[in-house]
Structure formats: C-alpha cells, structure tokens
Novice: 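Have a look at this one.
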Amino acid sequence: MMITISREYGAGGSFVAARVAEQLGWRVVDSQLLEEVAKRAGLTTDEVREREERGPTFVERLALALAAETPRVLGKAPDVPEKEEARLVKITEQVLAEAAADHVVLVGRAAVAVIGDKENALHVKLVGSVEYRAQVIADREKLTFEEAQRRVRDVDAHRASYHRQYYSRDWTDPRNYHLVLNTGWLGPARAADVIVACIRLRY
C-alpha cells in the first residue's frame, strides 16, 4: 500500500505526509525526491523547486515559440524553462517509479498521475481557502499577506497547468482522488489522522 499526497500551495502537504508516515511506520518521500531529481538533472534543488512553482514566463514561452517558427532566423531553439521542464518531468517520473513501493507516502510531483489507478494506492488532495493558505505562506516565507496571496495563486496555477499539459488531467477535479481534505478547516494534524484512520479501516 502507498499514499500519494497532492496539495494546494500552503495546505501543509509536507507536515501531513510526515505525520502520516510516522503514525503508520512508513517511509515518506518528499524533499528527497526533489533532491534526487535535481541531482540527475544537474541542477540545484532550489532551481528545480523554482521551476516547479514558477513555470516558464510568457516571454520565455514566446522565445521558444518564435524559435520553432523561424529556425533559420533565430537558429536552434533556446534552452528555456519549458524545454527544461519537459526534461524534468521525465526524470521525475523515473524517480517516482523507483520510489513507489509498499508502505511509502509520496508528496507532490504529480505522483497521483504517475502512479495512476493502482489498486494499492490511496490518493489524497489537501486543499484550503486562499486566505488560510496565504497566511501560512506569509508566516513561513516572511511575505506580506498580499504577496503571499499572489504566490499561492501563481503556484496553484502552475501545478494545474503541469497536470493538464503532461498528463491531460484536471488537477482540481476531486474525482481524481480518493480523499479531499480541507486543512484550513480540519487543521493539518487532524487531516493526517483522517488519512491514517482510512488506511487502517480499509487495509
């Protein structure tokens, strides 16, 4: 049995995953996955995290499109983040496939899409109001509330785009998950307890 935890930005995915793994005595794969992807890609973990959260800018997408349309004028297409992101997707899929095993909690990185409909997987999505999550991010990152709100919306939009572009999935569709838990209402600790209770009741 394994658990994948998808999360809106600021919904407490890392905390919930760690608490679930601790209570079940399972292994959690969170920042370790990011580190392994960065290592194989020849990037720093901060560079991989930034690409995951920011995505290519409009100017970078435009540069790639122009290079593809007018190769003789611009020459070889530049190595902009969109191309790099596609490479990171393949590396991430490899790392996830190696990490996916019994008694493991996988956090983010589209694990729900990569793992798919395996019978031995429980897919969880953590959500919360923008206001709640923005306050979490503001406190954690030392940002103003307005800055945190923009960050939350930007990261959520990129995560949705990532799922749509590479897996043709609607990241926001609750039918893609077995459980959708609002950590703003439940609190991260109780959300973790619900996941553990579901595992113990069903398995």
Novice: Side chain to side chain contact (heavy atoms under 4.5 Å, CB included), that's the test. Do Glu36 and Ile91 meet it? Break it down for me.
Specialist: CA-CA 9 Å; Glu36 183 61 26; Ile91 294 173; over 6 Å; no

Novice: Would Trp171 end up clustered with Ile115 when hydrophobic side chains under 4.5 Å apart are linked, directly or stepwise?
Specialist: no

Novice: Passes side chain to side chain contact (heavy atoms under 4.5 Å, CB included), Asn120 versus Asp102? Steps please.
Specialist: CA-CA 8 Å; Asn120 65 331; Asp102 285 342; 3.4 Å; yes

Novice: Indicate the atoms forming the closest heavy-atom contact of Val194 with Leu186, along with that distance.
Specialist: CG2-CD1, 4.4 Å

Novice: Is the side chain of Thr183 donor-acceptor paired with the backbone N or O of Ala11 at a distance under 3.5 Å, no angle test?
Specialist: yes

Novice: Rounded at 0.5 Å granularity, tell me how far CD1 in Ile5 sits from CD1 in Ile195.
Specialist: 4.5 Å

Novice: Show the nearest heavy-atom pair for residues Ala192 and Arg19, with the distance to one decimal.
Specialist: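 Looks like CB-CD, 3.5 Å.
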
Novice: For the residue pair Tyr162 and Tyr167, categorise the inter-ring angle as parallel (less than 30°), tilted (30 to 60°) or perpendicular (more than 60°).
Specialist: tilted

Novice: Treating Ile, Leu, Val, Met, Phe, Trp and Tyr as nodes and any side-chain heavy-atom pair under 4.5 angstrom as an edge, say whether Val136 and Val16 lie in one connected cluster.
Specialist: no

Novice: Where do Phe15 and Ala189 come nearest, in terms of heavy atoms and distance?
Specialist: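 Looking at all heavy atoms of both residues, the shortest contact is CE2-N, 3.7 Å.
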
Novice: Take atom CZ of Arg140 as the centre, draw a 6.0 Å sphere, and report whether it contains more than 12 heavy atoms from other residues, nucleotides or ligands.
Specialist: yes

Novice: Please check: side-chain N/O of His178 versus main-chain N/O of His123, any donor-acceptor pairing under 3.5 Å?
Specialist: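 Indeed, once roles are kept as given, a pair shorter than 3.5 Å links the two residues.
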
Novice: Hydrophobic clusters here meaning ILVMFWY residues chained together by side-chain heavy-atom distances under 4.5 Å, can you tell me if Leu122 and Val112 are in one?
Specialist: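 Looking at the clustering, Val112 is in a separate group from Leu122.
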
Novice: Can Glu98 and Arg40 be said to form a salt bridge (charged side-chain N to carboxylate O under 4.0 Å, His left out), step by step?
Specialist: CA-CA 13 Å; Glu98 294 169 11; Arg40 297 188 188 188; 2.6 Å; yes

Novice: Tell me, with the steps shown, if Thr92 and Leu33 meet side chain to side chain contact (heavy atoms under 4.5 Å, CB included).
Specialist: CA-CA 8 Å; Thr92 301; Leu33 191 148; 4.2 Å; yes

Novice: Which heavy atom of Gly13 sits nearest to which heavy atom of Leu126, and what is that distance?
Specialist: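 That would be CA-CD1, 3.7 Å.
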
Novice: What distance do Arg159 atom CZ and Glu8 atom CD have between them, rounded to the nearest 0.5 Å?
Specialist: 9.5 Å

Novice: Is the shortest heavy-atom distance from the side chain of Leu24 to the side chain of Val105 under 4.5 Å?
Specialist: no

Novice: Between Tyr132 and Val152, is there a shared hydrophobic cluster once you connect ILVMFWY residues whose side-chain heavy atoms come closer than 4.5 Å?
Specialist: no

Novice: Enter the distance from Arg200:CZ to Cys198:SG here, rounded to the nearest 0.5 Å.
Specialist: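 The SG atom of Cys198 is 11.5 Å from CZ of Arg200, to the nearest 0.5 Å.
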
Novice: Salt bridge or not between Asp30 and Arg109? Use side-chain N to carboxylate O under 4.0 Å.
Specialist: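 So Asp30 pairs with Arg109 through a salt bridge.
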
Novice: List the steps, then state whether side chain to side chain contact (heavy atoms under 4.5 Å, CB included) holds for Val155 with Ile137.
Specialist: CA-CA 12 Å; Val155 174; Ile137 297 302; over 6 Å; no

Novice: Which atom names give the shortest non-hydrogen contact between Arg169 and Ala113, and what distance separates them?
Specialist: CD-CB, 3.4 Å

Novice: What are the two closest heavy atoms between Tyr9 and Arg133, and how far apart are they?
Specialist: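 Shortest heavy-atom separation between Tyr9 and Arg133 comes out as O-NH1, 2.8 Å.
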
Novice: Please tell me whether Leu106 and Tyr166 are part of a single hydrophobic cluster in this structure, the criterion being side-chain heavy atoms less than 4.5 Å apart.
Specialist: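 Same hydrophobic cluster.
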
Novice: So, does Lys125 use its side chain to make a donor-acceptor pair with the main chain of Asp173 at under 3.5 Å?
Specialist: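 Flag not set: sc Lys125 to bb Asp173 has no pair under 3.5 Å.
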
Novice: To the nearest 0.5 Å, tell me how far Ile199 CD1 sits from Gln23 CD.
Specialist: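 If I round to the nearest 0.5 Å, the distance is 12.0 Å.
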
Novice: Nearest 0.5 Å please: distance from the CG atom of Asp156 over to the CZ atom of Arg151.
Specialist: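 CZ of Arg151 is found 11.5 Å from CG of Asp156.
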
Novice: Between Val127 and Tyr177, is any pair of side-chain heavy atoms under 4.5 Å apart?
Specialist: no

Novice: Looking at Gln32 and Val29, would you say the former's side chain and the latter's main chain have a donor-acceptor pair under 3.5 Å?
Specialist: no

